[in-house]
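Some notes on the structure that comes next.
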Amino acid sequence: MRRTLIVELKNFINKDVKVQGWVQTIRDQKEVQFIVVRDHTGLIQFVLERSKNAKLAEEVSNLTTESAVTLIGRVVENPIVKLGGFEVQLHDLRVESSASLPLPFDLFGRVQPELDKRLDWRFLDLRQPNNFFIFRVQTTLEMGMREYWYSQGFIEIHSPKLMGSESESRAELFKLEYFGKTAYLAQSPQLYKQMAMAAGFDKIFEIGPVFRANPSFTSRHDTEFTSVDVEISWIDSHEDVMSFEEKWIQHAFSLLKERHGEEIFEKNDVEIKVPSIPFPRITMKEAIEILRKQGYMPPPDKKGDLDPQGERLLCEYVKNNYGHEFVFLKDYPVAVRPFYHMRYENDPLTTKSFDLLWKGLEITTGAQREHRYDVLTKQALEKGLRLEPIQFYLDFFKYGCPPHGGFGFGLTRTLMGLLNLKNVREVTYLYRGPNRLYP
RNA sequence: GGGGGCGUAGUUCAGCUGGUUAGAACGCCGGCCUGUCACGCCGGAGGUCGCGAGUUCGAUCCUCGUCGCUCCCGCCA
């Protein structure tokens with residue numbers, strides 16, 4: 001007999017079915033027993049009158065919640081049943097894998113355990129439909145992104161995560177032993193995705209892991225996370241990159257709203273807003289002026305950048321004055337950007353760069369890249385970098401590299417915003433942080 | 001790395017300016033219950049109060065140290 005998913009059972013009234021899933025609740029009464037079973041599509045009640053099958057009734061009495069079971073029975077309409085107005089009369093039961101009791105925590109209790117406890121037992125935590133739902137949303141979001149890339153002729157790449165040399169900022173690199181040498185885990189595909197431009201790939205994307213050796217203890221940082229990267233050739237400036245990104249986000253959000261908008265609203269109490277184009281653009285100079293007028297002074301040690309509080313205030317300002325959730329904050333000072341960001345010809349202290357802020361959070365950093373070998377080399381030296389470890393990278397620009405730019409986009413931070421969750425750990429399949437390497 | 005907050009039953013929490021057998025809800029175990037659906041009723045088990053030291057006649061409570069968790073800042077996606 002083939003398995004029937006719980007969501008399909010309504011089409012099998014008065015038919016025999018096989019259901020496979022987890023025991024969520026057992027209501028074991030003297031004359032009649034009820035089992036509520038869950039699979040990834042829903043819940044269904046099974047019923048057994050003890051007098052009809054004493055042996056089976058005994059098996060039901062011995063069930064434990066969260067055991068993995070196969071159940072066979074006949075679907076019958078029953079308006080009394082609150083769970084959909086029908087139920088399944090139990091004919092047979094097989095325990096595939098019993099759950100020992102007590103469980104580490106009550107999966108469907110009135111209150112959730114602390115996040116840390118849930119992460120210790122992530123596989124149980126993810127049995128909860130609301131948590132499973134996060135990954136359905138993630139799948140659709142990535143699908144939306146891919147649809148748009150594919151329609152625009154982008155190529156997908158998978159760059160290596162093992163690197164032979166320190167690249168941009170050595171401080172945040174994980175070091176590891178590599179056959180007697182030292183290797184590093186990539187903190188970004190930055191250098192390798194630019195190679196695709198030198199290789200003539202024209203437009204590329206990558207969705208993959210990145211590693212940051214920062215001891216960051218916040219709700220929005222992890223030491224390993226999924227980065228979404230894009231790089232585009234033959235651009236005129238970072239404006240072209242921004243206008244790509246806003247269309248791309250609009251497309252992905254619109255698919256997400258269509259597929260899951262209602263369910264997200266029900267489950268997470270937040271509306272998916274498909275953003276209008278163009279997104280507001282504000283230069284860093286303007287942003288600081290705006291915040292000053294509101295009485296907020298960015299800390300002087302930020303060298304012309306905003307702190308998280310400033311970013312939250314700016315988002316609030318844009319929401320109130322432009323009616324928009326997103327804002328491109330652009331033209332950052334050279335001091336706070338890496339050596340490969342291109343600078344303005346007529347304003348050498350300003351880079352052709354941007355961040356994308358959404359709901360108070362940085363979700364993107366992007367820029368036009370410096371593609372001129374001599375200028376790039378000069379900027380690297382200026383930033384105090386040694387050329388030798390990055391010579392392989394500098395070589396990309398020695399033999400004909402088109403002007404290009406791109407961005408890195410934080411998938412988990414975006415999911416947080418989409419689902420109104422307050423911690424990246426919630427939306428990360430298995431979180432990795434300074435104090436967590438298990439499970 | 002700097003700062004704040006929190007560690008009490010399996011889970012979430014309460015515990016009075018320091019006082020005798022440390023409580024509740026849910027979960028778990030046993031019994032009862034003809035249709036439950038947050039099932040209900042009766043009973044039970046379960047705690048080195050994170051750990052160590054100090055103050056005190058007496059510490060879950062006050063002090064110090066330590067470990068763990070959490071949030072903010074720094075760093076960034």
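In what follows, chains carry the letters A, B, and so on, assigned in the order in which the sequence lines appear, proteins first and then strands, with residues in each chain numbered from 1.
- Per the geometry, CD belonging to A/Gln112 stands 20 Å off P belonging to B/C69, to the nearest Å.
- An OP1 or OP2 oxygen of B/C73 is reached within less than 4.0 angstrom by a side-chain nitrogen or oxygen of A/Arg312.
- The phosphate of B/U70 has OP1 or OP2 within less than 4.0 Å of a side-chain N or O from A/Arg425.
- Base pairing analysis places B/U17 opposite nothing; no Watson-Crick or G-U wobble pair with both distances below 3.5 Å involves it.
- Atom-to-atom, CZ of A/Arg118 to P of B/U70 comes out at 12 Å; the value is rounded to the nearest Å.
- Ranking B/A38, B/A77, B/G1 by closeness to the A/Ile363 side chain, first place goes to B/A77.
- Between A/Glu8 and A/Lys10, none of the side-chain N atoms (NZ, or NE/NH1/NH2) sits under 4.0 Å from a carboxylate O, so this pair counts as no salt bridge.
- Candidate nucleotides B/C71, B/C28, B/G35 were compared by shortest atom distance to the side chain of A/Pro102, and B/C28 ranks first.
- Candidate nucleotides B/G35, B/C76, B/G1 were compared by shortest atom distance to the side chain of A/Val47, and B/G35 ranks first.
- For A/Thr365, a side-chain nitrogen or oxygen approaches OP1 or OP2 of B/A77 to under 4.0 Å.
- Considering only heavy atoms from C-beta on, A/Val318 stays 4.5 Å or farther from A/Phe326 through its side chain.
- At the heavy-atom level, A/Leu411 lies nowhere under 4.0 Å from the strands shown.
- Residue A/Pro104 is classed as a sugar-phosphate contact, given heavy-atom separations below 4.0 Å to backbone atoms only.
- Whole-Å rounding puts the A/Lys30 NZ to B/C41 P distance at 19 Å.
- Between B/G43 and B/G5, the two C1' atoms lie 41 Å apart (nearest whole Å).
- Of the candidate nucleotides B/G35, B/C72, B/G74, B/G35 has the atom lying nearest to any side-chain atom of A/Gln45.
- Annotation: B/C57 and B/G23 have their C1' atoms spaced 27 Å apart (nearest Å).
- Stacking annotation: A/Phe225 is stacked on the base of B/A77 (ring centroids less than 5.5 angstrom apart, interplanar angle below 30 degrees).
- Pairing for B/C29 goes to B/G43, judged as Watson-Crick or G-U wobble with the two contacts each under 3.5 Å.
- In this structure, A/Thr218 does not reach the B/C73 phosphate: none of its side-chain N or O atoms is under 4.0 Å from OP1 or OP2.
- Nucleotide B/C62 forms a pair with B/G54, judged by Watson-Crick or G-U wobble geometry with both contacts under 3.5 Å.
- If you check B/C26, B/G1, B/U70 against the side chain of A/Asp116, the one that comes closest is B/U70.
- Residue A/Gln33 places no side-chain atom within donor-acceptor reach of the base of B/G35, judged by atom type and a 3.5 Å distance cut-off alone.
- Comparing B/C26, B/C72, B/G74 against the side chain of A/Pro308 picks out B/G74 as the nearest.
- Across B/G35, B/U34, B/G74, the shortest atom-to-atom separation from the side chain of A/Glu31 is found for B/U34.
- Between the side chains of A/Lys352 and A/Thr350, no donor N or O sits under 3.5 Å from an acceptor N or O.
- Within the 4.0 angstrom heavy-atom criterion, no nucleotide atom of any strand lies near A/Glu66.
- Rounded to whole Å, the separation between the P atoms of B/C42 and B/G47 comes to 25 Å.
- When the C1' atom is compared between B/U48 and B/C28, the two are found 22 Å apart, to the nearest whole Å.
- Regarding contacts with the backbone of B/C69, every side-chain N or O of A/Lys117 stays at 4.0 angstrom or more from both OP1 and OP2.
- Electrostatic pairing of A/Asp120 and A/Arg436 counts as a salt bridge here, judged by a charged N lying under 4.0 Å from a carboxylate O.
- Taking atom P on both nucleotides, B/C32 is separated from B/G46 by 23 Å, rounded to a whole Å.
- Donor-acceptor pairing under 3.5 Å, judged by distance alone, is present between the side chain of A/Arg413 and the base of B/C76.
- At least one donor-acceptor pair closer than 3.5 Å links the side chain of A/Arg369 to the backbone N or O of A/Gly406.
- For B/C75, its base sits under 3.5 Å from the side chain of A/Ser216 at one donor and acceptor pair at least.
- If you take CZ of A/Arg212 and P of B/A77, they are 5 Å apart, rounded to a whole angstrom.
- The partner of B/C69 is B/G5, by the rule that a Watson-Crick or G-U pair needs both atom distances under 3.5 Å.
- The residue among A/Ser219 and A/Glu114 whose nearest nucleotide of RNA chain B lies closer to the 5′ end is A/Glu114.
- Taking atom CG of A/Asp106 as the reference point, atom P of B/G27 lies 7 Å away to the nearest angstrom.
- Salt-bridge formation is detected for the pair A/Glu59/A/Lys55: a Lys NZ or Arg NE/NH1/NH2 atom is positioned less than 4.0 Å from an Asp or Glu carboxylate oxygen.
- Ion pairing between A/Arg337 and A/Asp355 holds under the 4.0 Å rule for side-chain N and carboxylate O.
- The aromatic rings of A/Phe133 and A/His260 sit perpendicular to each other, their planes meeting at more than 60°, with 30° as the lower class boundary.
- Counting any heavy atom pair closer than 4.0 Å across all strands shown, A/Phe108 reaches no nucleic acid atom.
- Atoms CG (A/Leu101) and P (B/C26) sit 18 Å apart, rounded to a whole Å.
- Judged by atom type and distance alone, A/Arg110 reaches the base of B/A38 through a side-chain donor-acceptor pair under 3.5 Å.
- To the nearest whole angstrom, the two P atoms, one in B/C61 and one in B/U20, are 14 Å apart.
- An OP1 or OP2 oxygen of B/C71 is reached within less than 4.0 angstrom by a side-chain nitrogen or oxygen of A/Asn423.
- For A/Asn214 and B/G2, the CG to P distance is 16 Å, given to the nearest whole Å.
- In this structure, the side chains of A/Gln250 and A/Val274 come closer than 4.5 Å at one or more pairs of heavy atoms.
- Comparing B/U70 with B/G30, their P atoms sit 36 Å apart, to the nearest whole Å.
- Taking atom C1' on both B/A22 and B/U34, the two are 42 Å apart, rounded to the nearest angstrom.
- Two residues are said to be in side-chain contact when any heavy atoms from C-beta on lie closer than 4.5 Å; A/Thr65 and A/Leu101 meet this criterion.
- When both distances must be under 3.5 Å, the Watson-Crick or G-U wobble mate of B/A38 does not exist.
- Applying the 4.0 Å criterion to OP1 and OP2 of B/C69, one finds that A/Asn435 has a side-chain N or O inside that range.
- Of all nucleotides present, only B/U12 satisfies the Watson-Crick or G-U wobble test against B/A24, with each distance under 3.5 Å.
- The CG-P distance, from A/Leu124 to B/G10, rounds to 17 Å in whole Å.
- Pairing for B/C49 is absent, judged as Watson-Crick or G-U wobble with the two contacts each under 3.5 Å.
- When distances run from any side-chain atom of A/Asp307 to the nucleotides B/G74, B/G35, B/G1, the shortest one goes to B/G74.
- Using a 5.5 Å limit on the distance between ring centres and a 30° limit on the angle between planes, the aromatic ring of A/Phe34 counts as stacked on the six-membered base ring of B/U36.
- Contact check, A/Arg220 against B/C73: a side-chain N or O comes under 4.0 Å of OP1 or OP2.
- A close approach under 4.0 Å does not occur between any side-chain nitrogen or oxygen of A/Gln29 and OP1 or OP2 of B/C33.
- Residue contacts for A/Val81: at a heavy-atom cut-off of 4.0 Å it reaches a base atom on one of the strands shown.
- Comparing atom distances between the A/Glu49 side chain and each of B/G35, B/A38, B/C72 picks out B/G35 as nearest.
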